[in-house]
Amino acid sequence: MNRIKKLKTRLGDIKIPFFMPDATRASIRGLTNNQILASGISEIVVNTYHLMLKPGANFLKNAGGIHRFMSWDGPILTDSGGYQVYSLIHKNSKLGEVTEDGARFRSVLDGSWHFLTPEKAIEIQFDIGSDMMVVLDDPRPPESSFEIQEEAVYRTIRWARRCKVEFDKQIKKRNLQNKEPLLFAVVQGGKHIDLREYCAEQLVKIGFDGYGFGGRHIDENGEFMDEIIKITANALPEDKPKFALGIGNPNDIIRCYFHGWDMFDCVIPSREGRHGRIFFWNDLENIKKKGIKYIEKNGDYKSLYDTMNIGNAKFKEDFTPFCEKCDCYACKNYTKSYINHLFSVKESLGAQMATVHNLRFYSELVEILRLEQN
RNA sequence: GGGUGGAUGGCAGAGUGGUCAAAUGCAUCAGACUGUAAAUCUGACAGCUUCGGCUUACGUGGGUUCAAAUCCCUCUCCGCCCA
């Protein structure tokens with residue numbers, strides 16, 4: 001395999017693989033930019049749907065773009081709102097409807113109606129000031145029938161084409177020829193290999209800067225879909241970055257990486273941290289020395305790490321850090337006992353430190369994966 | 001001293017004859033979380049159990065009743081009013 005080693009963006013190169021935490025509403029909940037950077041994270045994801053509702057696309061444009069607005073200098077990927085088509089509409093029809101033209105959303109903030117077409121999704125991402133854009137796609141629940149997934153694939157392809165046309169139009173309109181953002185398309189098709197391959201093939205024909213894996217990557221039994229993930233990656237050009245959207249837990253990221261996926265984003269480190277779950281390494285020194293595959297067992301890398309719920313009573317008098325080997329601010333300064341206390345009294349510093357630590361865990365994870373290339 | 005209201009599970013607080021091992025909230029103990037409607041949600045929370053039940057429970061002790069947290073009496077404690 002001759003996979004790429006870096007992703008070129010208008011704000012510089014990013015080593016592959018990399019992980020982006022989700023700053024959905026222009027914030028990694030609870031953290032300052034310095035804390036994010038100090039956790040080894042240089043790229044983040046923001047969300048088109050949530051930002052168009054508040055503070056609004058036009059507002060962000062007038063504010064000078066998302067980078068200036070949130071004071072983040074690194075590359076920013078904008079998710080298109082495609083996932084919200086799924087989570088807010090396909091999972092709850094009261095919150096909107098999807099037609100061929102686009103997705104009609106009811107704002108989760110005030111009930112007002114908003115229309116997101118493929119063209120508008122792209123235009124808003126330009127307004128936001130995105131460095132890496134994602135086409136509007138149409139993901140469906142994983143348990144959907146073949147027919148439903150097939151329909152989603154056709155629509156995703158048609159929408160991707162419209163996005164591409166709009167993208168080129170906006171580049172000219174905004175004179176961005178020398179500082180183009182990247183545009184990613186998203187492969188759908190659920191658990192059906194032929195749909196995934198067809199979708200990939202059609203998207204590649206249109207031509208994008210990178211390609212994403214959309215929809216769920218685990219089946220209805222919670223089983224990781226190795227074949228689908230591997231075959232989808234193989235159906236995409238070797239020289240293009242491959243973005244596994246929304247993935248995932250550390251084990252899933254590692255497996256996806258070995259199947260050809262390069263970039264990841266997920267709410268897990270931030271959300272689960274906020275909820276008290278802490279990731280920690282079991283045998284980091286040996287992993288670094290012997291390579292990550294040394295720990296592999298039946299395709300799994302679960303023994304690499306473990307989690308603890310820091311709110312549990314057993315940590316009340318544990319005066320050691322989350323992880324002795326970790327160099328994050330939380331581990332350098334605080335004990336489990338203290339963080340346990342912060343969670344117990346609902347002091348937000350607890351959630352903040354848990355998030356800082358989990359982000360460092362994730363950045364360390366991709367650093368370990370980069371060693372595999374050499 | 002006289003009158004009056006009250007005492008419910010770790011806490012707060014519903015219930016005022018049977019459907020009450022007792023609403024609800026908090027606290028406690030666990031669990032979940034995968035392109036964030038999530039600082040959220042779920043479950044457990046008297047004891048025992050062969051999971052059908054059983055035992056002990058609504059300040060104390062007695063009583064009425066087929067049946068009492070709920071009605072009556074005694075006592076203890078707390079609040080309020082009058083002297």
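Here is how names work: the chains are called A, B, and so on, in the same order as the sequence lines, proteins then strands, and each is numbered from 1. Side chains included, hydrogens not; waters and symmetry mates left out as well; all remaining heavy atoms used. Computed from a prediction, not measured in an experiment: that's the story for all the values here.
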Worksheet entry | Where A:K164 and A:L183 come nearest, the two heavy atoms and their spacing |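 Heavy-atom minimum between the residues: CA-CD2, 4.0 Å.
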
Which heavy atom in A:M225 sits nearest to a heavy atom in A:D219, and how many Å separate them?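 Looks like CG-N, 3.7 Å.
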
RNA chain B in dot-bracket form (Watson-Crick or G-U pairs under 3.5 Å, [ ] crossing, | inter-strand) is ((((((((.[[[..)..(.....]]].(((((.......))))).(((....)))...[.[[[..)....]]].]))))))).

Protein heavy-atom contacts under 4.0 Å, written 5' to 3' over nucleotides 35-45 of chain B as B (base), S (sugar-phosphate only) or - (none), form the string BBBBSB-----

Can you sort out which residues in residues 295-318 of chain A have a heavy atom within less than 4.0 Å of RNA chain B? Ascending by number, please.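 Those residues are A:N309, A:N312, A:A313.
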
Determine the interatomic distance between C1' on B:G3 and the same-named atom on B:G9; round to the nearest Å. 33 Å

Query raised in the report: A:F243 pairs by side chain to side chain contact (heavy atoms under 4.5 Å, CB included) with which of A:L77, A:V186, A:L7?
Result: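 Going through A:L77, A:V186, A:L7 one by one, the side chain to side chain contact (heavy atoms under 4.5 Å, CB included) with A:F243 is satisfied by A:L77 alone.
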
Open item on the list: Tell me whether A:S80 contacts the main-chain N or O of A:V135 through its side chain, where contact means a donor paired with an acceptor under 3.5 Å.
Closed with: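 Pair found, side chain donor or acceptor close to backbone of A:V135.
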
Atom CG of A:N340 and atom P of B:U28 are separated, to the nearest Å, by 10 Å

Here the distance between atom C1' of B:U34 and atom CH2 of A:W261, to the nearest Å, is 15 Å

Axial cation check for A:F258 ring with A:K293, 6.0 Å and 45° limits
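The answer is yes; both the distance and angle limits are met.
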
Distance col, row A:S107:OG vs A:L88:CG, nearest 0.5 angstrom, shows 9.5 Å

Distance col, row A:K314:NZ vs A:N312:CG, nearest 0.5 angstrom, shows 5.5 Å

